[in-house]
Amino acid sequence: MDYTSGEESSGFSYTPESDMSEFRPSEIEPKWQQYWEENKTFKTGDGEGKETFYVLDMFPYPSGAGLHVGHVEGYTATDIIARFKKARGFEVLHPMGWDAFGLPAEQYALKTGTHPAVTTNKNIETFTSQLKALGFGYDWDREIATTDPEYYKWTQWIFLKLLERDLAYIAEVPVNWCPALGTVLANEEVIEGRSERGGHPVVRKPMRQWMLKITEYADRLLEDLELIDWPEHLKEMQRNWIGRSVGAEVDFAVDPESAGGLDAKIRVFTTRPDTLFGATYMVLAPEHPLVDEVVSDDQRAAVEAYREAAATKSELQRTELQKEKTGVFTGAFAINPVNGERVPIWIADYVLYGYGTGAIMAVPGHDDRDWEFANTFDLPIVEVISGGDITEAAHTGDGTLVNSEILDGLSVAEAKKKIVEWLEERGLGKKTVSYKLRDWLFSRQRYWGEPFPVVHREDGAVVPLPEEQLPLTLPEVERYEPSGTGESPLATITEWVETTCPETGAPARRETNTMPQWAGSCWYYLRFIDPENEDAPVDLEKERRWMPVDLYVGGAEHAVLHLLYARFWHKVLYDAGVVTTKEPFQRVVNQGMILGVTYQYFRTPEGDPVCFRDVGDRQDLSPATVTADQVVWKGEKPYHGEYEFELEEIVEKMSKSRGNVINPDDVIQEYGADSLRLYEMFMGPLEQTKPWDPRGVSGVHRFLSRVWRLVVTDEGVGVTDGEVTDEVNRQLHRTIQKVTDDTEELRFNTAIAAMMEYVNFLYKEDDVPRGAVEPLVLMLAPYAPHTAEELWERLGQSGSVADEPWPTYDEKWLKDETYELAVQVMGKLRGTVVVPEDAAQEQAVQIARANPDVERHLTGKTIRKVIFVPGRILNFVAN
RNA sequence: GCGGAAGUGGCGGAAUUGGUAGACGCGCUGGACUAAGGAUCCAGUGCCCGUAAAAGGGCGUGGGGGUUCGACUCCCCCCUUCCGCACCA
């Protein structure tokens with residue numbers, strides 16, 4: 001790491017002759033990083049016979065942009081916990097690795113011809129040195145990369161398990177085809193009809209794809225959320241994603257007379273079987289296979305046109321047109337099974353083929369969407385639940401059933417139960433559960449991913465490779481372009497693709513799709529436990545010892561997909577006997593986003609600057625910004641250096657285009673890694689979104705300097721060997737308690753505040769004994785490890801502070817002989833008095849009334865009641 | 001629209017079971033040291049009234065009600081912001 005001298009930095013001044021007494025992070029940080037590396041300070045044992053703690057970061061994709069401050073936030077949090085737990089006697093597993101397959105390296109290869117592996121390795125190197133410069137205590141001997149054949153061998157092995165358990169299959173499915181990227185994308189990678197990465201248009205196109213039956217695990221993924229300690233919003237997002245809803249499937253017979261004698265049934269899914277008597281028409285999704293069969297000759301042309309239009313509509317267009325309901329009558333009718341009514345069959349794209357049965361019964365009186373549709377096309381609306389005005393809007397709430405023969409008079413809940421029984425008795429329908437969750441589209445038409453360990457025989461059979469043939473490695477290719485037909489670049493490597501069946505020896509072709517990036521991250525937490533194992537993804541005994549992950553910290557962007565996919569794989573591995581735990585991540589915490597700050601003014605079309613305060617109603621101005629380093633502060637207000645007017649502070653997501661990105665390397669260079677770590681933890685609660693205050697780092701840097709000078713003076717070590725006074729002990733032990741509890745609960749900001757208070761207190765003391773400072777250094781060690789190590793050494797201690805036990809507090813110092821009691825009159829604070837620790841009400845009242853401020857408010861009043869909460873409050877109720 | 005989280009000084013935030021609102025830090029003001037201070041140390045800093053200065057007093061945790069001796073905290077209604085989902089039958 002390249003540190004500059006302090007010449008033009010404000011953090012610390014540099015004198016050419018090394019002055020041993022100055023706090024100089026640029027010198028001590030590399031020193032201790034080297035020490036930890038050489039001494040393998042953070043090497044993790046196998047955990048046998050010790051209480052284990054597994055703390056995990058969401059491993060990064062090693063992008064070319066390097067580490068950003070968001071990474072630093074989460075990684076610092078886990079590093080503090082790892083060091084803290086180690087000091088508390090746990091065997092701690094705190095590993096790091098690389099989610100290294102992925103599109104950017106492949107895109108770069110397309111442009112430059114550089115092999116993705118080369119780019120990836122280069123980026124990994126950069127990330128590694130950045131992480132080391134931050135002083136994170138990882139066990140680097142366990143480093144893994146998903147792109148390493150020794151790693152993806154086991155990713156492929158797990159895929160074979162999925163195949164074996166009939167959880168992987170090939171289907172011809174309409175996929176999100178992105179012409180610009182030359183690949184299909186998962187639903188989750190498509191945002192409003194455009195690719196998540198790059199924002200390219202996406203169209204629907206049927207292709208042969210690998211799918212994983214995650215839907216088979218839907219109920220368990222839902223239920224087992226109860227077993228884990230995750231933030232509620234995260235669980236809720238997973239629940240919504242799974243989208244379980246209970247309802248009924250009901251068969252409507254097609255009226256043969258209306259459909260050329262066709263004898264068919266249309267099965268619908270509904271969560272409101274109670275409204276069956278109010279079903280006045282049906283709707284099929286445009287893609288529904290029965291459409292072709294039921295459509296009447298005179299409607300055929302219109303239906304075909306509508307289907308065509310729906311098929312070529314991108315998702316974006318479909319959502320854009322949401323407001324207006326569209327559809328076409330098929331010419332056919334169906335029979336409502338409960339009352340024999342003939343109802344028209346329509347097609348409309350507001351019914352999704354992929355959800356439920358792809359067909360609905362429409363109850364316009366009691367469903368908003370059906371109501372809108374019925375109004376647009378003048379279809380009848382019947383009230384079957386009283387309590388609303390169906391001429392105005394659909395009544396979707398509770399009420400009493402009407403116009404429903406056998407259900408009349410019942411409540412919604414009662415009617416649901418009764419009608420389902422009625423349908424089941426007659427074989428017309430049954431209770432059903434439906435999910436929003438779909439099977440997981442698991443193949444990508446890319447080069448830089450795990451190859452599927454299967455071959456396709458000419459007779460159509462899909463044959464898995466035997467375990468001994470793993471890993472199936474990626475071949476070298478000349479070009480990284482997709483083949484154009486939607487196949488991956490692998491399809492062009494004939495000598496790789498053409499192979500033989502491992503079972504019969506017959507000619508066969510390899511699968512040319514590769515796995516999505518999610519695959520490698522679905523199980524990496526297991527490999528960290530046993531990274532060298534050649535016989536299994538993880539040793540069962542070791543897995544039992546370490547799993548589940550005790551604390552998993554990462555960004556909220558993985559709230560659904562990564563965490564859901566990993567949970568799914570883990571459950572499959574559990575069923576296969578590969579792991580002993582039902583859930584992989586006992587506790588998950590999302591670190592909040594760190595926002596950037598810019599300062600805004602405006603410009604006229606001619607380019608003249610305008611202060612934000614003078615904008616008024618003007619519409620012709622365009623915003624312009626400057627970054628923090630160009631701002632001149634006049635008191636509390638930011639001013640433009642050149643134009644000399646006030647600027648408006650804008651807080652938003654960091655992005656290159658806004659120029660508000662804070663680069664961790666720059667902060668390290670100016671203040672050191674410890675200050676960066678400490679600042680990010682001090683900004684606010686870990687999970688909260690918070691803005692980066694460019695001036696904030698100096699505050700924590702000042703604090704570290706103050707700690708430094710407590711120990712290091714021009715004359716050498718500044719601490720005395722004297723006795724620790726009672727008062728200092730009380731402050732010290734209170735601080736230990738606070739820092740211990742807060743660190744345990746991830747309340748790093750208040751833990752740091754407590755240490756600051758303690759340091760402020762010590763500064764007021766005439767001399768500072770060693771016994772008052774050494775525990776402070778130990779508490780500081782997880783937060784600012786380099787500074788702590790150096791101070792520990794200068795205090796004359798040997799070895800690493802990381803190997804020292806955490807300080808403990810003694811209850812006896814937490815209590816004083818007296819305390820300050822707040823005294824209220826009628827609930828208003830009128831003064832505080834000092835009372836003995838064990839003062840009873842009588843004594844407290846006596847002392848309080850001796851206080852003139854209190855007594856003044858009591859004169860002329862009768863005390864009606866006295867409320868005394870020892871240690872807390874004394875309140876006189878008087879009038 | 002549905003779901004989740006959150007609204008506290010000039011700013012980031014603290015107050016863990018209802019008990020002294022504003023810890024700690026930034027910023028700001030004043031002082032000390034100094035050749036100098038953008039270093040360091042010390043003190044002050046919610047708002048309003050009041051005073052020469054004090055002493056005092058009032059108001060105050062998005063808004064409005066309520067429960068309580070006492071509410072940032074609990075209950076009801078409303079407003080705002082952020083995040084996620086979004087024709088899921």
Side-chain angles (χ1 to χ4, degrees), chain A residues 10-13 192 231-237 239-241 243-245 247 268-272 275 283 318-319 321-323 325 348-352 354-363 367-370 372-373 434-438 556-557 559-560 590 592-593 633 635-637 649 679 682-685 687-700 702-703 705-706 709 741-742 745 747 749-757 759-760 763-764 820-832 853 856 864-869 871-878:
Chain A
S10 63
F12 36 94
S13 63
E192 285 180 357
E232 191 50 39
H233 71 97
L234 222 157
K235 287 189 182 183
E236 199 57 31
M237 278 167 77
R239 281 188 203 110
N240 289 342
W241 194 264
R244 181 180 200 267
S245 59
V268 301
F269 174 74
T270 177
T271 57
R272 296 296 304 276
T275 61
V283 185
R318 245 171 130 151
T319 39
L321 295 171
Q322 254 182 50
K323 298 140 218 152
K325 290 273 181 293
D349 65 4
Y350 85 90
V351 173
L352 307 175
Y355 183 75
T357 60
I360 63 157
M361 63 174 203
V363 186
D367 181 280
D368 292 324
R369 297 151 301 182
D370 297 344
E372 270 175 51
F373 190 83
S434 195
Y435 301 91
K436 280 204 293 196
L437 183 72
R438 315 289 167 75
E557 66 273 21
V560 177
N590 289 133
M593 207 189 320
W633 288 87
E636 293 162 351
K637 291 180 173 158
E649 193 173 274
Y679 174 61
F682 187 62
M683 289 168 80
E687 299 194 53
Q688 198 166 301
T689 301
K690 33 201 181 286
W692 181 279
D693 178 357
R695 294 174 295 180
V697 190
S698 64
V700 292
R702 189 169 302 140
F703 162 67
S705 307
R706 280 163 71 82
R709 285 194 305 271
D741 293 352
D742 284 353
E745 297 300 321
R747 291 188 299 255
N749 54 330
T750 50
I752 293 165
M755 287 189 271
M756 286 174 168
E757 275 186 88
V759 170
N760 291 345
Y763 262 70
K764 296 191 178 84
E820 198 177 66
L821 178 67
V823 183
Q824 297 179 338
V825 176
M826 294 302 287
K828 281 195 167 137
L829 183 73
R830 296 302 178 185
T832 56
D853 286 339
R856 191 156 44 82
R864 303 288 175 193
K865 198 173 167 188
V866 175
I867 288 155
F868 178 58
V869 183
R872 297 239 186 243
I873 202 87
L874 176 64
N875 188 10
F876 293 100
V877 184

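Within every chain, numbering begins at 1; the chains are lettered A, B, ... in the order of the sequence lines, protein sequences first and strands thereafter.
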Between [options], which nucleotide gets closest to the side-chain atoms of [X]?
X      : options                : result
A:Y763 : B:rC41, B:rC26, B:rG3  : B:rC41
A:E757 : B:rC24, B:rU20, B:rG56 : B:rC24
A:A822 : B:rU20, B:rA89, B:rA23 : B:rU20
A:A753 : B:rC87, B:rG19, B:rC24 : B:rC24
A:R747 : B:rU16, B:rA21, B:rC26 : B:rU16
A:T750 : B:rC85, B:rA15, B:rG12 : B:rA15
A:R872 : B:rU20, B:rC26, B:rU17 : B:rU17
A:R856 : B:rG27, B:rG56, B:rC24 : B:rG56
A:N875 : B:rC41, B:rC87, B:rC69 : B:rC69
A:R830 : B:rA89, B:rC24, B:rG57 : B:rG57

State whether [X] places a side-chain N or O below 4.0 Å from either non-bridging phosphate oxygen (OP1 or OP2) of [N].
X      : N      : answer
A:N749 : B:rG25 : no
A:R702 : B:rG25 : no
A:R706 : B:rC41 : yes
A:T689 : B:rC83 : no
A:K690 : B:rC26 : no
A:N760 : B:rG25 : yes
A:Q824 : B:rC69 : no

Nearest non-hydrogen partners of A:E236 and A:R239, listed with the distance: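 Between these two residues, the closest heavy atoms are OE1-NH1, 2.7 Å.
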Quickly work out the [X] [atom1] to [N] [atom2] distance and round it to whole Å.
X      : N      : atom1 : atom2 : result
A:H233 : B:rG4  : NE2   : P     : 13 Å
A:N590 : B:rG4  : CG    : P     : 17 Å
A:E745 : B:rA15 : CD    : P     : 12 Å
A:I873 : B:rU17 : CD1   : C1'   : 16 Å

Nearest-nucleotide 5' precedence on RNA chain B, A:P685 against A:Y435: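 The residue whose closest nucleotide sits nearer the 5' end is A:P685.
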A:N240 vs A:Y679, nearer the 5' end of RNA chain B by closest nucleotide: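 The residue closer to the strand's 5' end, by nearest nucleotide, is A:N240.
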Output all residues satisfying side-chain hydrogen bond (donor to acceptor under 3.5 Å, both in side chains) with [X], sequence neighbours left out; order by chain, then residue number.
X      : value
A:R706 : A:N760
A:R872 : none
A:N749 : none

Once you apply a heavy-atom cut-off of 4.0 Å, does [X] come out as touching a base, just sugar-phosphate, or nothing?
X      : value
A:T270 : sugar-phosphate
A:S245 : sugar-phosphate
A:E820 : base
A:D742 : base

Involving RNA chain B, stems made of at least three consecutive Watson-Crick or G-U pairs, both distances under 3.5 Å: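 As far as RNA chain B goes, consecutive pairing (with distances under 3.5 Å) yields the stems B:1-7 with B:79-85, B:10-12 with B:24-26, B:27-32 with B:40-45, B:46-49 with B:56-59, B:62-66 with B:74-78.
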If I pick the [atom1] atom on [M] and the same atom on [N], what distance separates them, to the nearest angstrom?
N      : M      : atom1 : value
B:rA14 : B:rA23 : P     : 13 Å
B:rC33 : B:rC41 : C1'   : 8 Å
B:rA6  : B:rC87 : P     : 28 Å
B:rG65 : B:rC72 : P     : 15 Å
B:rA43 : B:rC24 : P     : 11 Å
B:rG19 : B:rG25 : P     : 24 Å
B:rC76 : B:rC59 : P     : 28 Å
B:rG9  : B:rU34 : C1'   : 34 Å

Residues which pass salt bridge (Lys or Arg N to Asp or Glu O under 4.0 Å) with A:R747, listed by chain and number, not counting sequence neighbours: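 So A:R747 forms a salt bridge (Lys or Arg N to Asp or Glu O under 4.0 Å) with A:D742.
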Listed partners of A:R830 passing salt bridge (Lys or Arg N to Asp or Glu O under 4.0 Å), at least two apart: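 Here no residue qualifies.
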Plane angle bin for A:W692 and A:Y679 - parallel if under 30°, tilted between 30 and 60°, otherwise perpendicular: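 Rings of A:Y679 and A:W692: perpendicular, over 60°.
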Worked verdict on A:V877 versus A:M826 for side chain to side chain contact (heavy atoms under 4.5 Å, CB included): CA-CA 5 Å; A:V877 184; A:M826 294 302 287; 4.0 Å; yes
Check: A:R709 side chain, B:rU40 base, donor-acceptor under 3.5 Å: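 Looking at the base of B:rU40, it does not pair with any donor or acceptor on the side chain of A:R709 (distance under 3.5 Å).
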Polar side-chain contact A:K325-B:rC87 base: donor and acceptor under 3.5 Å: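 Between B:rC87 and A:K325, which were checked side chain against base, a qualifying N/O pair under 3.5 Å is present.
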Lys NZ or Arg CZ of A:K325 over A:Y350 ring: under 6.0 Å, within 45°: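 Yes, A:K325 and A:Y350 form such a contact.
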Chi angles and distances behind the side chain to side chain contact (heavy atoms under 4.5 Å, CB included) call for A:K865, A:N875: CA-CA 8 Å; A:K865 198 173 167 188; A:N875 188 10; over 6 Å; no
Pair A:K436-A:W241, side chain to side chain contact (heavy atoms under 4.5 Å, CB included): steps then yes or no: CA-CA 7 Å; A:K436 280 204 293 196; A:W241 194 264; over 6 Å; no
B:rG10, syn or anti by chi within 90 degrees of zero: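 Here the answer is anti: the torsion falls beyond 90° from 0.
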